[in-house]
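Encoded as C-alpha cells, the structure appears first; notes follow it.
Everything numeric in this text was worked out from a predicted model, so none of it was measured.
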Amino acid sequence: MHGNSLTPLWNMTAPSEGLLPFLAEKIATNRYPLAIREPFGEWQKELRGIWRAGLPPSSAIRSEVLEDQGTLRRLRFHYATGDCGEAVLMLPQWHGPRAAVLLMHDHGGVFDIGWRKMVSCDAGKAHAERHYDGRFLADDLVRQGYAVLICDALGWGSRFAGGYAEQQALAAQVMQAGWSLAGLVAADDLAAFDWLGRQPEIDPTRVGTLGFSFGGFRAWQLAALDQRVRACAALSWAGTRQDLLAAGATLLKGQSAFYTLHPQLAALADFPHMAALAADRPLFMRTGSEDRHFQAKSANHFFTVVEKAAGTIGMQPDFGIFLGAHSFPKDTQRLMANFFKRHLA
C-alpha cells in the first residue's frame, strides 16, 4: 500500500487501555432487550430465569466441621461443581433462631486469605486497616446479634488459584467447562445462602447479604438471584457497562473483570438492570466520591436506574456517595448497621 491511508498497527490503542472502535460502537448502541420494564414481577421472573439457567450447578452443600469453638465453626464446604473450600460460621452467644448475614469478602488484590479478611486475626489486620478503618466486619456483626457466614471464593484462601496473574487463565479454564468465573462464584454463593438458611440456629426469613468491592458485587448479585434475601448492603461496586469500559477502566483489562462478567447476559441487560432484580427488597448501597474503580458519576447512573425500578413497586433504596476513596469507612459501617437493624433484627 502507498501513502498514509492505513493507520500503523503500532499506533492502535491496546485493548487493555481502551475499547476497539467496533466494540465501543456495539456497546454504546446496545438497547438491552431485558432492561427494566413493567410489570416488575414478570420482568424479574424472565431475567432472573435466564441468568440462573446459565449458572453452574448449585445443589445442597455437603459440609464438614474442621474446628468447633462453640460460637465459631470452621467448615469445609463441598460444592456441587466438585470443588471445595473453607467457610466460617460465627454465632452470637444467645440461643434460638437469629437473623444472619452472608458476608462476602472482597478482592483487594490479596489472595492468600479469603474469610480471614473479615474475622479478627493477625492475617487480616493489614487488610482491615487498608479497607475497613481497622474494623473486622464479621466480629462487629456478631456483637450486633447476627450470625455470620463467610466463605472462601474460588481463587482465595483455601481455594487459592495462583493469585492475580493467574485469574485470566482460571477464567479461560472455567469457560472450557461451559461455565463462567462469575457464574461459578454466583452458584457457590447461592449454595452457601441456602446452607445458612437451613441451619437450626438461623431464622431463614431474616438473612441478608453484605460485601465491599467484589464482595459488594457478590452481595447485590445474590439478592438479585434469590428472592429469599431479606435485605442487601453492597459497597463500592456500582456502574454501567459503558462507564466501566471507559479508557483505562478496570473491566477493560481482563483478569479480575472475569469475576463479574456473565457472557449470556452482556447483550441482554446492563449491571444496574441485573441489580434491580433486588429492588423489591431493602437495598443499601454506597460508593466513595474519589473511588478510582467505580467513579461517583457512574455509580449515580447505576443508582438512578435501580431507583426507577424500585419506584414502580413503591420501594425506596438507600443509596448515596460518601466522601472518600475505594474503602468501607467506619461512618458508612454505622449507617449499614442501622440499615440491618431496621430490616433484619
Side-chain angles (χ1 to χ4, degrees), residues 13 15-38 40 43-44 46-48 50-51 107 180 182-183 186 211-225 232-279 283-312 315 317-322 325-326:
T13 300
S16 63
E17 297 302 324
L19 283 170
L20 298 181
F22 76 99
L23 294 175
E25 176 69 14
K26 171 68 172 64
I27 292 166
T29 58
N30 197 340
R31 295 291 178 257
Y32 293 118
L34 286 181
I36 301 154
R37 65 172 186 268
E38 297 184 58
F40 180 90
W43 164 78
Q44 182 190 57
E46 182 180 4
L47 179 54
R48 181 183 287 159
I50 292 171
W51 192 352
H107 184 294
S180 69
F212 158 72
S213 192
F214 171 51
F217 173 85
R218 294 167 63 198
W220 67 246
Q221 173 176 255
L222 184 56
L225 286 166
C232 167
L235 288 300
S236 301
W237 209 108
T240 64
R241 180 169 283 108
Q242 187 172 1
D243 290 341
L244 296 177
L245 288 169
T250 303
L251 291 191
L252 285 173
K253 302 178 186 303
Q255 299 293 7
S256 310
F258 285 102
Y259 277 104
T260 59
L261 303 180
H262 294 275
Q264 81 274 23
L265 296 184
L268 300 178
D270 202 351
F271 292 117
H273 305 144
M274 295 157 64
L277 293 173
L283 289 175
F284 175 94
M285 293 187 180
R286 293 290 190 278
T287 293
S289 59
E290 305 303 319
D291 193 318
R292 65 187 179 91
H293 299 297
F294 302 95
Q295 294 183 6
K297 182 179 178 181
S298 183
N300 276 325
H301 291 162
F302 179 106
F303 294 159
T304 298
V305 173
V306 179
E307 285 171 340
K308 184 177 179 180
T312 67
M315 298 294 288
D318 186 350
F319 294 164
I321 306 293
F322 63 84
H326 190 68

Return yes if some donor-acceptor pair links the side-chain N/O of [X] with the main-chain N/O of [Y] below 3.5 Å, else return no.
X: Trp220; Y: Ala238; answer: no
X: Thr29; Y: Glu25; answer: yes
X: Arg241; Y: Ala267; answer: no
X: Arg286; Y: Phe322; answer: no

Minimum heavy-atom separation for [X] to [Y], with atom names?
X: Ala234; Y: Gly216; result: CB-O, 3.4 Å
X: Ile36; Y: Ala276; result: CD1-CB, 3.6 Å
X: Ala223; Y: Arg48; result: O-NH2, 4.1 Å
X: Gly288; Y: Ile321; result: C-CG2, 4.0 Å
X: Leu277; Y: Gln44; result: O-NE2, 2.7 Å
X: Leu244; Y: Ala249; result: O-CB, 3.1 Å

Indicate yes or no: at least one non-hydrogen side-chain atom of [X] is less than 4.5 angstrom from one of [Y].
X: Phe214; Y: His293; answer: no
X: Thr287; Y: Phe302; answer: no
X: Pro272; Y: His301; answer: no

Is it the case that over 12 heavy atoms from other parts of the model lie below 6.0 angstrom from the [atom1] atom of [X]?
X: Gln295; atom1: CD; answer: no
X: Lys308; atom1: NZ; answer: no
X: Arg292; atom1: CZ; answer: no

Atom pair [atom1] ([X]) and [atom2] ([Y]), whose distance is rounded to the nearest 0.5 Å:
X: Tyr32; Y: Met274; atom1: OH; atom2: CE; result: 10.0 Å
X: Ile50; Y: Gln264; atom1: CD1; atom2: CD; result: 9.0 Å
X: Leu34; Y: Leu265; atom1: CG; atom2: CG; result: 8.5 Å
X: Phe271; Y: Trp237; atom1: CZ; atom2: CH2; result: 4.0 Å
X: Leu283; Y: Met315; atom1: CG; atom2: CE; result: 7.5 Å

- Do Ser213 and His326 have side-chain atoms, one donor and one acceptor, less than 3.5 Å apart?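 There is such a pair (donor and acceptor under 3.5 Å, judged by atom type) between the side chains of Ser213 and His326.
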- Message: His107 vs Ser256, test: side chain to side chain donor-acceptor pair (under 3.5 Å). Steps then yes/no.
- Response: CA-CA 8 Å; His107 184 294; Ser256 310; 3.0 Å; yes
